[in-house]
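Just so we're on the same page: letters track the sequence lines, and every chain starts at 1.
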2 protein chains.
Amino acid sequence: MSKGNGTSPSKRPSVTLHDVAEAAGVHPSTVSRALDPASSRPVREATRVMIEETARKLGYRPHLLARGLKGGRSGAVGVVVADIGNVFFAPIIRGIALSLEDSSMMPTVAETQDDSARLKVVVDHLMSRQVDALVVLAARHGDREFLESVAEEVPVVLADRPLKGTTLPRAGQDNRAGGRLIAEHLLALGHRDIAQLAGSFDVGTLAERAEGFSETLRDAGIEELPIATHAETLTPAEGTRVMHELLSRARVPTAVFAHNDLLAVGAIAALRARGIRVPEDISIVGYDDMPLAGYLSPPLTTVAFQGLEIGRLAGDMVQAQLRGEATEDVVLPPRLMVRGTTRRLPV
Amino acid sequence: MSKGNGTSPSKRPSVTLHDVAEAAGVHPSTVSRALDPASSRPVREATRVMIEETARKLGYRPHLLARGLKGGRSGAVGVVVADIGNVFFAPIIRGIALSLEDSSMMPTVAETQDDSARLKVVVDHLMSRQVDALVVLAARHGDREFLESVAEEVPVVLADRPLKGTTLPRAGQDNRAGGRLIAEHLLALGHRDIAQLAGSFDVGTLAERAEGFSETLRDAGIEELPIATHAETLTPAEGTRVMHELLSRARVPTAVFAHNDLLAVGAIAALRARGIRVPEDISIVGYDDMPLAGYLSPPLTTVAFQGLEIGRLAGDMVQAQLRGEATEDVVLPPRLMVRGTTRRLPV
DNA sequence: CACCGTTAGCCAAACGTTTGGCAACTGGGT
DNA sequence: ACCCAGTTGCCAAACGTTTGGCTAACGGTG
């Protein structure tokens, strides 16, 4: 079935301010002021009502491009995300969008595929589009200087992923505390042979989780098993691969901290494939508390991550910065969700 | 830690075409033409190189708002999604973004929360933003007329969700065939007491799945168990709720088709809570083959849905329509993924 | 050397708004 | 009837581009 006529690519008649003015019998500037609630110049009530009526009748819609051109503000905020397809970022984006709605702004989403070169390209593109600000969820360690240079043009807010030693404001979670929580939990259960299933340390969240975790073990006088290969992507498949590598080591751990839930799921699959039981033989902890974590069997022990809230906070920070206000970093505390994949070590 | 100085909300010096022209010692219009590869008027090679050099040196970025105002095209495509936070939509959005990149366009995402009133609001907002086209993932049955009226202004493409009797083009899956596939699978396994765990029929995909499913049972001379309450949202929690309702019926099914994977997961949790085993006592089929479906235990039998591909196709259709070409509906065939939650009925 | 066709570059208008400068009108106080 | 303040509305410039019309220069031909 063929649809959409091939000839006219849908002309837009588009009612302008002038059309409304003409129909209402007033000058365009009067229409502009009548429709602007925060106008500096007053408009007679009767006129205003009449103009509004006319505008509604004609189906007038303000041309935000033109307004943006004049006012220097587009009302768009660039959201730079590592992977739009990833479950994990979705609630954050949603939080940002929800927050921006208050100022009738909208997010424009771009994806870096977690690649620093591509980050530069998409940020450039977003800047061309005259975004009023940038929210970056995809920051990797090496991107600091670039992002700070961008911040001289428009406000840049980091969400989720921190950047070591930066001046850029951030809304995120205390990942170091999260790592600590997990280590303490495993120690309390009697585990001593403990390993990490780690992702790239170029990602600040993961580096911090690892730090908090290792620190706690060290303080307890436990020597942590060395990290196997770092997972290149945060997917179940990588989790499986790295877990197999871990299992081929001389010393096999009794507990494993996977840097996120997807890795954990993959790791569990690897164990299951070898006939190793979770949590009877090996305890596993994930991170992020993804929506399905509680529905796995056994349900996954993990650390809750409030993506929606963090997105909302990041959106709020953007608006504050645009109003010229100073902003404080917001770091939410993590919460351990003890479920079924961890268990006291039998003596 | 306080960051971002409160005084200056980051001024943007912003290099314009004029600045480049002045620095290069030529007229702005010459710069415009030199930088436009598809310019109708030629520019001497030496001049062009010199101008490009100057532009690069000054860090010139085209002002897409201004360009859009002049040319009547913003290069933005509105993507209307029911719930940005939902796993399911993410790959579709990604596909759209990937496709649009070819024409250096970008998606602007807005969320309806699956509410028809909100749909109108966000579409209006997107139109104000002068999007060149709309991709709608959030269409509900009653939205047809509204969307068709919008289509008189800009191309509107449906992705995933169909709209009964519409002229709007669509990229999606053959959900009726999907429903059929599932029914055939269950019949082949010997099931006769079969029920649906249904979502709202205002959502075209779900209505079609149900139709294909019911049709097949009817043709086989099987009387389907009546649908319990329709799930209001497509979440595990709703799946659990509706499954409990189904179980309180006089006649309990031996096989259940849940309209999507999340409902299926919730349904399985409900069964597990009552000590009913899957698939030994009841077989369950989901729909969508979400990323984790194969990692559940037992792994979920479901129908694969190629979100990324559908998004890409929708993006391609948008571009075709913008070029004024006619487009054909694209309907991908479903594929049944038989995993561990379905089983031959013991005799 | 005059003429002509071609080509490179300049000028200015236009896209739809917002907004400061002005002018005109209104009405109240005298 | 007159003045002044206060209100209302008109005009035009500006935001950064693109693009059609125009001119100046160039090189070749008669």
Side-chain angles (χ1 to χ4, degrees), chain A residues 11-51 54-55 58-75 104 127-132 153, chain B residues 11-52 54-55 58-76 104 127-132 153:
Chain A
K11 75 279 172 168
R12 38 176 112 195
S14 195
V15 182
T16 79
L17 214 46
H18 286 85
D19 301 333
V20 177
E22 194 167 347
V26 298
H27 195 270
S29 68
T30 307
V31 178
S32 171
R33 285 192 247 259
L35 262 31
D36 177 7
S39 168
S40 59
R41 217 84 75 74
V43 171
R44 186 167 28 163
E45 183 60 14
T47 317
R48 199 182 55 71
V49 172
M50 187 268 288
I51 290 177
T54 317
L58 294 185
Y60 168 72
R61 277 201 213 90
H63 193 301
L64 263 35
L65 251 48
R67 185 179 289 177
L69 177 58
K70 186 61 172 56
R73 282 208 179 171
S74 65
S104 65
M127 294 297 295
S128 258
R129 238 168 235 302
Q130 305 299 116
V131 293
D132 295 337
E153 295 189 65
Chain B
K11 76 275 172 171
R12 39 175 111 196
S14 194
V15 182
T16 81
L17 214 47
H18 286 86
D19 300 333
V20 178
E22 194 166 348
V26 299
H27 194 270
S29 68
T30 307
V31 178
S32 172
R33 284 193 247 260
L35 262 31
D36 177 6
S39 169
S40 58
R41 218 83 77 71
V43 171
R44 187 170 23 164
E45 183 60 14
T47 317
R48 199 184 54 71
V49 172
M50 187 268 288
I51 290 177
E52 271 178 357
T54 316
L58 295 185
Y60 168 73
R61 276 201 215 92
H63 192 300
L64 262 36
L65 252 47
R67 186 179 290 176
L69 177 58
K70 186 60 172 56
R73 283 209 179 171
S74 66
S104 64
M127 294 297 295
S128 258
R129 239 169 234 302
Q130 305 298 118
V131 292
D132 295 336
E153 294 188 65

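If you measure from atom CG of A/L35 to atom C1' of C/dT19, you get 15 Å, rounded to the nearest angstrom. The nearest whole Å value for the distance from the CG atom in A/L65 to the P atom in D/dT18 is 13 Å. Summarising the geometry, the separation between CD on A/E45 and C1' on D/dT7 is reported as 14 Å, rounded to the nearest angstrom. Atom CD1 of A/I51 and atom C1' of D/dC10 are 13 Å apart (whole Å). One atom, NE2 of B/H18, and another, P of D/dC15, lie 9 Å apart when rounded to the nearest Å. Rounded to an integer number of Å, the gap from A/R61 CZ to C/dT17 C1' is 17 Å. Summarising the geometry, the separation between CZ on A/R129 and P on D/dT17 is reported as 14 Å, rounded to the nearest angstrom. In this structure, the CG atom of B/L17 is 12 Å from the P atom of D/dT19, given to the nearest Å.
A/R48 comes within 4.0 angstrom of no nucleic acid atom, judged by non-hydrogen atoms across all strands.
Between the side chain of A/R129 and the main chain of B/G75, a donor-acceptor pair closer than 3.5 Å is present. Side-chain atoms of A/S128 come within 3.5 Å of backbone N or O of B/P62 as a donor-acceptor pair. Between the side chain of B/D19 and the backbone N or O of B/T16 there is at least one donor-acceptor pair closer than 3.5 Å.
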Checklist entry - What string of B, S and - do you get for nucleotides 4-14 of chain C, 5' to 3', when a contact is any protein heavy atom under 4.0 Å? => result ----SBBBB-B
Next on the checklist: With side-chain contact (heavy atoms from CB on, under 4.5 Å) as the criterion, how do A/L35 and A/Y60 come out once you've worked through the C-alpha distance, each side chain's angles and the decisive distance to 0.1 Å?
Outcome noted: CA-CA 11 Å; A/L35 262 31; A/Y60 168 72; 3.7 Å; yes
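Remark: A/R61 engages B/D124, B/E153 in a salt bridge (Lys or Arg N to Asp or Glu O under 4.0 Å) (not counting sequence neighbours). Partners of B/R48 by side chain to side chain donor-acceptor pair (under 3.5 Å), not counting sequence neighbours, listed by chain and number: B/E45, B/E52.
In terms of phosphate contacts, B/S32 brings no side-chain nitrogen or oxygen within less than 4.0 Å of OP1 or OP2 of D/dT17.
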